[in-house]
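In what follows, a single structure is set out as C-alpha cells and then discussed.
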Amino acid sequence: MASLQEKQDKLQQLYELYEQPMYRIAYAILHHVEQSEDAVSDAFLKVIKNLNHIAEPDSPQTKQFMIQVIRNTAINQYRKNAKEARRWMELEDSILQIPNETNEVEQFLQCTEQREITEQLLRGLSETDREILWLRCESELSFREIAQRLSMKESTVRKRFERAKKAVRKQEGGKQYAKKFFLFG
C-alpha cells in the first residue's frame, strides 16, 4: 500500500498533467467557466477515491481514465443544468400566465373531470400497479428508479407497467385517456 506522501505526490502529478486538459473538456461540454471548474474539482474527488488503481500518472491508461472521469462528470452536470432549465421555464410559464376567472373555472372543471376519469380507470389496478403508473408517467422516473424506490426488480416493474397499461387501455375510454395523459399509445 502506498504511503500518504506517495499518494500526495501522485495526485500532484495528476493535477499538473491533467487539470488544464480536463478543464478544456468540461468547458467544451458545459460552456460555462465556473461550472467547468466545479466539474474538474468533482472529477478530482472521484480520482482521489481511485488513486490506488492508478499505476503511472503519465500512462495512456491513466490519460484515458482521466478523460472518462471528466467527461462523465461534465455530462452529468449538463444533464442537471438541462433539468433545472426545464423546471425554471415551467415555473416562468405558470407565473406569467394571466389569471382569468373564466379560465380558472374551466381549468378547475377540467382537472376535476380528469381526476374522476383517472380514478375510474385506475380503480381496477392494484395499489402497486397504480403507483408504478404514477411514478413512470407523472413523476417521469426511469424503471430503474421505480424499482429501487419500490424494492423490486427492474424487469418486474417493466412487466407490471406494461400489464397496467394494457388494463387501462382495455377499459372504455382508456385508450384515448392513455394517449392524452400517460403519453403512451
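What's counted below: heavy atoms across the whole structure, side chains too, no hydrogens, waters or symmetry copies.
- Across every non-hydrogen atom of Ala167 and Leu125, the tightest pair is CB-CD2, 3.7 Å.
- Going from atom CD1 of Ile29 over to atom CZ of Arg24 covers 13.5 Å, rounded to the nearest 0.5 Å.
- Distance CG/Leu150 to CG/Leu141: 9.5 Å, rounded to 0.5 Å.
- Within a 6.0 Å radius of NZ in Lys46, more than 12 heavy atoms belonging to other residues, nucleotides or ligands are found.
- Considering all non-hydrogen atoms of both residues, Pro57 and Leu17 come closest at O-CD1, 3.7 Å.
- Relative orientation of the Phe44 and Tyr15 rings is tilted, given thresholds of 30° and 60° on the angle between their planes.
- Judged by distance alone, the side chain of Arg136 and the main-chain N or O of Phe161 form no donor-acceptor pair under 3.5 Å.
- In this structure the side chain of Arg71 reaches within 4.5 angstrom of the side chain of Gln68, judged on heavy atoms.
- At distances below 3.5 Å, not a single donor-acceptor pair connects side-chain atoms of Thr62 with backbone N or O atoms of Asp58.
- Annotation: side chain of Asn50 is in contact with side chain of Phe65 (closest heavy-atom distance under 4.5 Å).
- For the pair Ala74 and Leu30, the tightest heavy-atom approach, listed with the atom from each and the gap, is O-CD2, 3.5 Å.
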Q: Apply side chain to side chain contact (heavy atoms under 4.5 Å, CB included) to the pair Arg163 and Asp129, showing each step before the final yes or no.
A: CA-CA 9 Å; Arg163 287 180 183 157; Asp129 290 347; 5.7 Å; no

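- Atom OG1 of residue Thr156 and atom CD1 of residue Ile146 lie 12.5 Å apart, to the nearest 0.5 angstrom.
- A donor and an acceptor atom, one from each side chain of Gln12 and Gln8, are nowhere located under 3.5 Å apart.
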Q: Decide yes or no on salt bridge (Lys or Arg N to Asp or Glu O under 4.0 Å) for Glu154 and Arg158, but give the supporting numbers first.
A: CA-CA 6 Å; Glu154 186 177 344; Arg158 285 180 188 273; 3.1 Å; yes

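- For Arg130, the CZ atom sits in a packed shell: over 12 heavy atoms of surrounding residues, nucleotides or ligands are nearer than 6.0 Å.
- At least one donor-acceptor pair under 3.5 Å links the side chain of Glu6 to the backbone N or O of Ser3.
- Around OH of Tyr78, the count of heavy atoms belonging to other residues, nucleotides or ligands within 6.0 Å does not exceed 12.
- Using modelled atom types, one finds a donor on one side chain and an acceptor on the other under 3.5 Å when comparing Ser126 with Arg160.
- Note that CG of Leu51 and CG of Leu11 are 6.0 Å apart. Values are rounded to the nearest 0.5 Å.
- A donor-acceptor contact shorter than 3.5 Å is absent between the side chain of Tyr27 and the backbone of Met22.
- When the shell of 6.0 Å around CD of Glu84 is examined, it contains more than 12 heavy atoms from other residues, nucleotides or ligands.
- A donor atom on one side chain and an acceptor atom on the other are not found under 3.5 Å apart for Gln77 and Asp38.
- A side-chain N or O of Asp9 and one of Gln5 form a donor-acceptor pair less than 3.5 Å apart.
- A donor-acceptor distance shorter than 3.5 angstrom exists from the side chain of Ser41 to the backbone of Glu37, with no hydrogens or angles considered.
- Although no hydrogens or angles enter the test, the distance criterion places no donor-acceptor pair under 3.5 Å between the side chain of Gln35 and the main chain of His32.
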Q. Where do Asn52 and Lys7 land on the side chain to side chain contact (heavy atoms under 4.5 Å, CB included) test, with the steps shown first?
A. CA-CA 8 Å; Asn52 291 332; Lys7 288 181 179 181; 3.3 Å; yes

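- If you take CD1 on Ile132 and NZ on Lys159, they are separated by 13.0 Å, rounding to the nearest 0.5 Å.
- Applying side chain to side chain contact (heavy atoms under 4.5 Å, CB included) to Val47 and the options Val69, Asp42, Ile70 leaves one that passes, Val69.
- For the pair Leu135/Glu140, no side-chain contact is recorded, criterion being any heavy-atom separation below 4.5 Å from C-beta on.
- Here the CD1-OG distance, from Ile25 to Ser36, works out to 11.0 Å after rounding to the nearest 0.5 Å.
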